[in-house]
Amino acid sequence: MLVTLRQILQEVSAAIHLDDVLSIVVQRVKEALSIDACAVYLTDVESQQYVLMAADGFRQASIGEVRIDRQEGLLGLVGECRELITVPDVAAHPRYHPSSATGEERYQSFLGVPLIDYQHVLGVLVAWKREPAQFDKDEVTFFLTIAAQLAKAIHQAAAVDEVARMLSGVQQGDAFIQGIQMAPGLAIGTAALLNPQARLESTPDRQTQDIDAEETAFRSAVAAVREELRAGSERLAADVPSEVRALFDVYAMLLGSEGLVSDALARIRAGNWAPGAWRDSIAHHAKVFEQLEDPYLRKGAEDIRTIGQRVHLQLQAEAEESRQYPQQCVLVGDTVSIVEISAVPMGQLAGIVCMHGSALSHTAVMARALGIPAVVSLAPMHIGRLDGCEMVIDGDQGRIYIEPSPVVVDAYQQLMGEQQARFERLAALRDLPAETPDGVRLPLYANAGLASDIVAAKDSGAEGIGLYRTEYCFLLREALPLEDEQYQIYREVLEDFTPSPVTLRTLDVGGDKILPYFHVQEDNPFLGCRGIRFSLDHPEIFLIQLRAMLRANAGLNNLQVLFPMISRVSELDEAMGLLACAYRKLLEEGLAAEKLCVGVMIEVPSSIFLADTLADRVDFFSIGTNDLTQYMLAVDRNNARVVTPYDSLHPSVLDAIHHVIKAAHRRGKPVSVCGEMAGDPAGAVLLLGMGVDALSMSPNSFAHVKLAIRSFTLQRARSLLDEALGMEDGFAIHRLLRGALEEGGV
Ligand code: PEP
Ligand code: MG
């Protein structure tokens, strides 16, 4: 039974379209179990009915025709209860209303399981037996497992079909893919796929403009792989027997054979670009081998695919080097890293769409900082076909429109115009302080990490840098930046803002910020060697950074050093020890170095309970609500599936922040907040009520937060905070703040 189950699941996951998925399931399940009919009904949300989509053992004509109200019959009962229901003899059941169109009145025992994904009932999978009978334990388990997997496959296949309809223009009206917001804003642009051809099979077709250039690129990729094979074989000459090395010869022979290469060249000359032509040649030749009787010869297909992928990677590397991005570029990828964002020339990047990520990922942080709308698709799309498509990205509502209709484009152009006008109105606040009507002034600092952030920070009227993510400069390089290089970068930022404070956070790599040249393999990187742990594990890297910071501060004296991810007192002591050591050394070397302010980030739950002790040792706290929320609520900040539980306004998170601020203030130490909560007007008002001393945020959030602070007295913010802290869940707190902000005209 287990083997059959696995086979069915494999077939289901290989199917791309919804119809195929459903018919595989009903047929295979009916074959595998001793049942007489199996059927899938899917929910039609608009009509609130279940529609029969596939069946084996029902009247064929009923498929697609039979619709059952969601409250009706046994099907309705399964959906209502959201659980598996078995009825050994349906005649006796009060909810039994057979549909004569399907012919199910012939059957007497019923099994139904809801198909649930993301808590939504997508449909019901049912089985029938002709005679009254119990379903045995194995059958029930089998059914339950299939249903759980089927729900996922339906979700995925439905999305694929929807995207295909949008691409072909069949989709009517304003169809869009619902996703989640990563960074707000609106954009209209052209999709540019990241690694569009990572796998040869998913390489899109593309009409080539320059056949000769494609041919040359292809020939040089083939030559490079042949050279790679020759060198590989030679390298292993001393270590492996010649029979094994003969494998290299097989590959070289395949590449040397006229068939494969000339076939691809013919396809290029017919107008396809090299990767698309190569994909077709490989598929064609692999198929020829697959159809051979002899199992040994059949294995040749695998060799063809292997060599196909090698050449493909080579072509891809060449294409990346000369990559041109569209003018209004929407970067699309499974994930989009900050390095990939930075590769697009400034001014060309219009939007970002990815399949994985969330509003709290570092990609989102970066997108927000750049003012680029970004959305994570909740629908698992096959993105291979999106390259070059027109797209509308609605980062405010988390929506993606593919090949939008002129009506949609017009509507968004108008919205973009209105947003721009609002933005200009808010810009009038630029030179006004973030001061409450009763005279409480809250300094607003900028979060930064790139040179462009510094410009944006200045333009937005930031009173300093509250969080400078030094890791960005490490992530964007091909090797560790040395002391002088770091010194230059830090010095420029400090000079730009002197005498205002600049908080340089020491390296916070790990988690989703992996140094490309320093890969650490970890099963759970967010709980691994991250932040200060990495720095303490590598004092040789940490000391260089500390020296560069100290030198940059000489004569300016506006540096604040911030240690990330402190979870224990000893980590802080060790970091302080290394800082003191760097300071002493610089003095000994005769280099000017000033004493400076040192702070810790409060972003790991243990640090909340160490707040008093930590406050005794440092000059300030900076609360990182992004990680604090992630670690307190055990929700991955990058996982779109848990985006609802991820909530910085969760009462426990608010309570923790309040506790930390009170502890620091008892010791006379100031607290700023530099997580995304600070840039959210609702969060900012609550933090104001807690008595926070400063807020640090993406420059794009300044105007909105300033407006919020200028609209609430401290007393009103305090009473909202009291009300919020008395609430049981974050939803109520969000409602409370939404109401208050609306009332205040924010
Ligand atoms: C945070 O965790 O809130 C924070 C500001 O740090 P980062 O987002 O860089 O992890
Ligand atoms: Mg953090």
Side-chain angles (χ1 to χ4, degrees), residues 338 342 362 365-366 368-371 430-431 433-434 441-476 481 486-508 513 531 545-546 548-564 579 594 596-603 618-626 670-679 684 687 692-703 705-706 709:
I338 59 176
S342 66
H362 288 97
V365 168
M366 171 93 125
R368 227 167 292 140
L370 294 172
R430 186 194 176 282
D431 297 321
R441 201 161 154 353
L442 203 54
L444 298 193
Y445 298 128
N447 289 353
L450 300 169
S452 57
D453 297 341
I454 300 297
V455 179
K458 295 207 118 174
D459 287 350
S460 61
E463 295 170 69
I465 299 289
L467 169 67
Y468 187 89
R469 292 180 166 101
T470 60
E471 57 274 9
Y472 283 9
C473 116
F474 283 68
L475 289 164
L476 299 177
Q486 289 188 53
Y487 162 81
Q488 287 297 346
I489 294 168
Y490 306 152
R491 180 78 187 179
E492 242 170 69
V493 187
L494 290 166
E495 275 174 354
D496 272 338
F497 279 88
T498 182
S500 303
V502 171
T503 308
L504 297 184
R505 181 174 72 182
T506 62
L507 198 55
D508 182 15
K513 292 181 284 194
Q545 180 170 49
L546 294 174
M549 287 181 175
L550 285 163
R551 278 177 55 204
N553 189 38
L556 298 175
N557 222 5
N558 59 337
L559 168 64
Q560 310 199 122
V561 170
L562 181 62
F563 296 126
L579 181 63
E594 315 277 350
L596 40 79
C597 262
V598 179
V600 282
M601 287 207 61
I602 303 290
E603 53 183 342
V618 294
D619 303 301
F620 69 97
F621 282 169
S622 185
I623 304 181
T625 50
N626 306 342
V671 181
S672 75
V673 172
C674 64
E676 294 300 304
M677 180 183 176
L687 294 168
V692 73
D693 300 283
L695 298 175
S696 189
M697 67 199 73
S698 153
N700 283 309
S701 307
F702 266 63
V705 168
K706 216 179 248 187
I709 302 292

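Side-chain atoms are counted along with the backbone in the values below, which use heavy atoms only and exclude waters and symmetry mates.
- Remark: side-chain polar atoms of T470 are paired, donor with acceptor, to backbone N or O of R505 under 3.5 angstrom.
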Taking it one step at a time, do Y468 and I454 satisfy side-chain contact (heavy atoms from CB on, under 4.5 Å)? CA-CA 10 Å; Y468 187 89; I454 300 297; 4.1 Å; yes
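- When all heavy atoms are compared, the tightest approach of P564 to T506 is CD-OG1, 3.1 Å.
- Of the candidates R469, E471, M601, D508 forms a side-chain contact (heavy atoms from CB on, under 4.5 Å) with just one, namely E471.
- The closest side-chain heavy-atom distance from F474 to L507 is below 4.5 Å.
- With E594 contributing its side chain and G555 its backbone, the two residues share a donor-acceptor pair below 3.5 Å.
- Rounded to the nearest 0.5 Å, atoms CD1 (I709) and CG (L444) are 7.0 Å apart.
- Among all heavy-atom pairs drawn from A552 and Y490, the shortest one is CB-CB, 3.8 Å.
- We find the CG-OG1 distance between N558 and T503 to be 9.5 Å, quoted to the nearest 0.5 Å.
- For the pair L596 and L550, the tightest heavy-atom approach, listed with the atom from each and the gap, is CD2-CD2, 3.3 Å.
- Side chains of N447 and S696: a donor-acceptor N/O pair is present below 3.5 angstrom, by distance only.
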Between L562 and F620, does the side-chain contact (heavy atoms from CB on, under 4.5 Å) criterion hold? Intermediate values first, please. CA-CA 9 Å; L562 181 62; F620 69 97; 3.9 Å; yes
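- The minimum heavy-atom distance linking G464 with S500 is given by the pair CA-CB, 4.1 Å.
- Remark: the backbone N or O of R491 is not paired with any side-chain donor or acceptor of R551 at under 3.5 angstrom.
- A donor-acceptor pair under 3.5 Å links the side-chain atoms of Q486 to the main chain of P481, judged by distance alone.
- The distance from the CG atom of L494 to the CD1 atom of I465 is 9.5 Å, given to the nearest 0.5 Å.
- When all heavy atoms of A457 and A446 are compared, the closest pair comes out as CB-CB, 3.5 Å.
- Smallest separation of non-hydrogen atoms from D693 and P670: OD2-CA, 3.3 Å.
- Two residues are said to be in side-chain contact when any heavy atoms from C-beta on lie closer than 4.5 Å; D496 and V502 fail this criterion.
- Tested against T498 for a side-chain contact (heavy atoms from CB on, under 4.5 Å), the candidates N553, L556, V493 yield a single pass: L556.
- In this structure, Y445 and L695 have side chains that are not in contact, with every pair of non-hydrogen atoms separated by 4.5 Å or more.
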When you look at F563 and V598, which way does the side-chain contact (heavy atoms from CB on, under 4.5 Å) test go after all the steps? CA-CA 8 Å; F563 296 126; V598 179; 3.5 Å; yes
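- Residue pairs meeting the salt bridge (Lys or Arg N to Asp or Glu O under 4.0 Å) criterion with at least one partner in residues 458-467, sequence neighbours excluded, are R441-E463.
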Begin from the C-alpha positions of D619 and Q560 and carry the test side-chain contact (heavy atoms from CB on, under 4.5 Å) through to its verdict. CA-CA 9 Å; D619 303 301; Q560 310 199 122; over 6 Å; no
